[in-house]
Peer 1: 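Dropping the structure in here first, questions after.
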Amino acid sequence: MFHVVDTEAFDRKRLDQLCELATAVRRVAKSIDGARFLQQLLPTRRAMLYFTQPSTRTFLSMNNACHVLGIRTSEIRDPEVSSEVKGESFEDSIRTFSSYVDLIVMRTPEPGYAARAAALMDSIPRPVPIINAGSGRDQHPTQALLDIYTLERSFEERGGIDGRTIGMMGDLKRGRTVRSLSRLMRHYADVRLVYIAPPAFEIEPDVRAFLEAHRIAYDETARLHDVLPELDAIYVTRMQSEHDTAGESARVDLSDFSIGERELTQMKADAVIMHPLPRGREIHPRVDADPRAMYWRQERNGMWMRVALLATIFDSQDAILEADTRGLFREA
Ligand code: NCD
């Protein structure tokens, strides 16, 4: 593994390995000695977190995932405090970061920048891996990874993701998490996707083309209540109003695309409710106490999955798997 620019970085084997590693890591981290063992795996490595678009979970879980493995981090979260304000180009800024660190994790409001950074790295003598932590409306591959991990864990007793019916709801036009997660579904057999959105926020043509090219079964509807009883999981998303160019959000009512107590009664007893967070009004806080609400666990899974990803990039996966298999740090 080197760059993680989009979901093409992962095939089924890699996804299964990362899920297995995330679970091993969290087991090892449970004891103090295990947590210490993880921290001494990569103490000479340094990572740069370059986040010029707001982020809470992705930033904090990446930062803390680095710390779990002993990787030290530095950050720029505001382009106003970097030399870009002096007119330094994006490429020169990235090259500069790469001079000091062993990995760059980046989030930008515009699409395509992580790919540009990776292409730059591939052309210089001392390249470092680039991880895309969200590129505008386009992709969010590490979110898709933790979403896969959450689905796998939730369906553990039911044979995993293969064969499941998964709904995705909300602002599907401008949400990058849905695009990335949809793309990873090509690695699972007999999955059916149901996209639930008002006409103004339907999935983009590139997502449809991808699904068709990879023969992934899907439906689109604006009627949540028609499909809710069939779903094994529903992935709820918020209005992406930061991408408004002409007040689009204000013209669309997303209240029919939300989960509350009434919706809970229509869902399968073992369905899974997910959300990349942050949420707006699309999931009522009263849903949080329902055993089907998985989004807080999903958030925490994100840190462990990012530890697994970092460990894989820096080739520490075998040490972790071995410690876990041998039960080295398991409490008696
Ligand atoms: C998502 C994002 O940034 O795309 N958030 C996240 O990383 N957990 C989803 C969102 O902001 O709606």
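As the structure lists them, so they are numbered: ligands from 1, and atoms in each ligand from 1. Counting begins at 1 with the first residue of the sequence.
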Peer 1: Per the side chain to side chain contact (heavy atoms under 4.5 Å, CB included) rule, which among Val28, Val25, Thr312 passes with Val307?
Peer 2: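 Exactly one pass, corresponding to Val25.
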
Peer 1: Tell me: protein heavy atom nearest atom 3 (O) of ligand 1, and distance?
Peer 2: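 Checking every protein heavy atom, the shortest distance to atom 3 (O) of ligand 1 gives Arg176 NH2, 2.8 Å.
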
Peer 1: Of the choices His275, His140, Arg57, which has the non-hydrogen atom that lies closest to atom 7 (O) of ligand 1?
Peer 2: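 Result: the heavy atom closest to atom 7 (O) of ligand 1 is in His140.
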
Peer 1: Testing Asp147, Leu15, Asp11 for side chain to side chain contact (heavy atoms under 4.5 Å, CB included) with Leu184, which one passes?
Peer 2: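 Of all the options given, the one that passes is Leu15.
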
Peer 1: At a 4.0 Å threshold, what atoms of ligand 1 neighbour a non-hydrogen atom of Gln143?
Peer 2: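 Selected atoms, number and element: 6 (C), 7 (O), 8 (N).
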
Peer 1: Applying a 4.0 Å heavy-atom criterion (strictly less than), which segment of Arg107 is in contact with ligand 1: side chain, backbone, both, or neither?
Peer 2: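 Side chain only; the backbone of Arg107 stays clear of ligand 1.
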
Peer 1: Is it the case that Arg14 places NZ or CZ above or below the six-membered ring of Phe10, under 6.0 angstrom from the centre and within 45 degrees of the axis?
Peer 2: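 No.
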
Peer 1: For Glu299, is the nearest heavy atom under 4.0 Å from an atom of ligand 1?
Peer 2: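 Flag not set, Glu299 not near ligand 1.
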
Peer 1: In the protein, what heavy atom is nearest to atom 5 (N) of ligand 1, and what distance, to one decimal place, separates them?
Peer 2: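 Ranking protein heavy atoms by distance from atom 5 (N) of ligand 1, first comes Leu277 O, 3.0 Å.
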
Peer 1: What part of Ser55, side chain from CB on, backbone N/CA/C/O, both or neither, has a heavy atom under 4.0 Å from ligand 1?
Peer 2: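 Near ligand 1, Ser55 shows nothing, with every heavy atom at 4.0 Å or more.
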
Peer 1: I need the contact type for Thr177 against ligand 1. Using non-hydrogen atoms and a strict under-4.0 Å cut-off, is it side chain, backbone, both or neither?
Peer 2: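 Just the side chain.
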
Peer 1: At a 4.0 Å threshold, what atoms of ligand 1 neighbour a non-hydrogen atom of Thr58?
Peer 2: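 Counting from 1, the qualifying ligand atoms are 6 (C), 7 (O).
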
Peer 1: Touching ligand 1 at all, Gly302? Heavy atoms, strictly under 4.0 Å?
Peer 2: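 Not so, Gly302 does not reach ligand 1.
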
Peer 1: Give the residue and atom name of whichever protein heavy atom lies nearest to atom 11 (O) of ligand 1, and the separation in Å to one decimal.
Peer 2: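 The closest heavy atom on the protein side is Arg238 NH2, 2.9 Å.
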
Peer 1: Nearest protein heavy atom to atom 8 (N) of ligand 1, by residue and atom, and its distance?
Peer 2: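 That would be Pro276 O, 2.9 Å.
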
Peer 1: Take Arg26 and Asp324, measure what salt bridge (charged side-chain N to carboxylate O under 4.0 Å, His left out) needs, and give me the verdict at the end.
Peer 2: CA-CA 9 Å; Arg26 70 201 298 167; Asp324 180 48; over 6 Å; no

Peer 1: So is Arg164 actually on top of Tyr188's ring, under 6.0 Å and inside 45° of the axis?
Peer 2: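 No cation-pi geometry.
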
Peer 1: Would you tell me whether Glu263 and His284 have side-chain atoms, one donor and one acceptor, within less than 3.5 Å of each other?
Peer 2: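 Judged by distance alone, the side chains do not pair up.
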
Peer 1: Ignoring hydrogens, what is the shortest heavy-atom contact between Phe37 and Ala319? Give both atom names and the distance.
Peer 2: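 Minimum heavy-atom contact is CZ-O, 3.6 Å.
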
Peer 1: Tell me whether the NZ or CZ atom of Arg77 lies within the 45° cone about the ring axis of Phe59 and under 6.0 Å from its centre.
Peer 2: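 Pair Arg77/Phe59 counts as cation-pi.
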
